[in-house]
Amino acid sequence: MNPQAAPHDAGAFHRAVWQQVRAIPRGRVATYGQIAKLVGLPEGVAPDAYRAFGARWVGAAMGACPDDVPWQRVLNAKGEISLKGGTQRRLLEAEGVEFDAKGRVDLKRFGWAGPDEPKQESLF
DNA sequence: GTTGTGACATCGC
DNA sequence: CGCGATGCCACAA
């Protein structure tokens, strides 16, 4: 159906994003690009376009995500919070995520490798 | 229907 | 490592 139309199911896409965000273990963070990649390429969307704006669609989905979605665990590629205010940071700190002086998280340490990565917490 | 902006990523300097 | 510029889709006014 919709061989070429495939008008990018925003509803299904948003849902897929939320589902993926829910998979992020506590005390772990993921980037928008990571989530976008895990969700996969929506039908009818060019890989280039997805690479360029997929992460943004994820962010857009976050803006409408239900409360049961740990949106706070989603950060940008720099490991920093895009939103202003200190709400998100405080929520992450409550989970054990550390921030540096620049307000950035060390993705090498708290970055989520993905669903392939076991939920173990061998941080040390 | 056009214009503008966005919870970003990547490349170059 | 930081900053600037670019890419390109969807949605709101």
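Every chain is numbered from 1, with letters handed out A, B, ... down the list of sequences.
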Handout entry: Residue-phosphate contact under 4.0 Å: A:Arg104 side-chain N/O, C:dG2 OP1/OP2
Key = yes
Handout entry: Donor-acceptor pair, side chain of A:Trp71 and main chain of A:Val21, under 3.5 angstrom
Key = no
Practice task
For the pair A:Glu80 (side chain) and A:Arg104 (backbone), establish whether a donor and an acceptor sit closer than 3.5 Å, ignoring hydrogens and angles.
Solution key: no
Practice task
Output the distance between atom CZ (A:Phe99) and atom CD (A:Gln88), rounded to the nearest 0.5 Å.
Solution key: 7.0 Å
Exercise for the section: Any chance you could measure A:Ile24, atom CD1, to A:Phe110, atom CZ, to the nearest 0.5 Å? Expected result: 14.5 Å
Practice task
Indicate, with a heavy-atom threshold strictly under 4.0 Å, whether A:Gly33 touches base, sugar-phosphate, or nothing.
Solution key: sugar-phosphate
Measure from [atom1] on [X] to [atom2] on [N] and round the result to the nearest Å.
X	N	atom1	atom2	answer
A:Ile24	B:dA7	CD1	C1'	13 Å
A:Arg56	C:dA10	CZ	C1'	10 Å
A:Trp71	B:dC8	CH2	P	13 Å
A:Trp57	B:dT5	CH2	P	21 Å
A:Arg51	B:dC11	CZ	C1'	9 Å
A:Ile35	B:dA7	CD1	P	17 Å
A:Gln34	B:dT10	CD	P	10 Å
A:Asp100	C:dC1	CG	P	11 Å

Problem - A:Arg15 atom CZ, neighbour heavy-atom count above 12 within 6.0 Å - result: no
From [options], pick the nucleotide closest to the side chain of [X]?
X	options	answer
A:Cys65	C:dC9, C:dG2, B:dA7	B:dA7
A:Ala52	B:dA9, B:dA7, C:dC8	C:dC8
A:Met62	B:dA7, B:dA9, C:dG7	B:dA7

Practice task
Can you sort out which residues in residues 75-85 of chain A have a heavy atom within less than 4.0 Å of DNA chain B? Ascending by number, please.
Solution key: A:Asn76, A:Ala77, A:Ser82, A:Leu83
Practice task
Over 60° means perpendicular and under 30° means parallel, so classify the ring planes of A:Tyr50 and A:Phe13, tilted if in between.
Solution key: perpendicular
Exercise for the section: Please lay out, stage by stage, how A:Val17 and A:Val74 fare under the test side chain to side chain contact (heavy atoms under 4.5 Å, CB included). Expected result: CA-CA 11 Å; A:Val17 171; A:Val74 185; over 6 Å; no
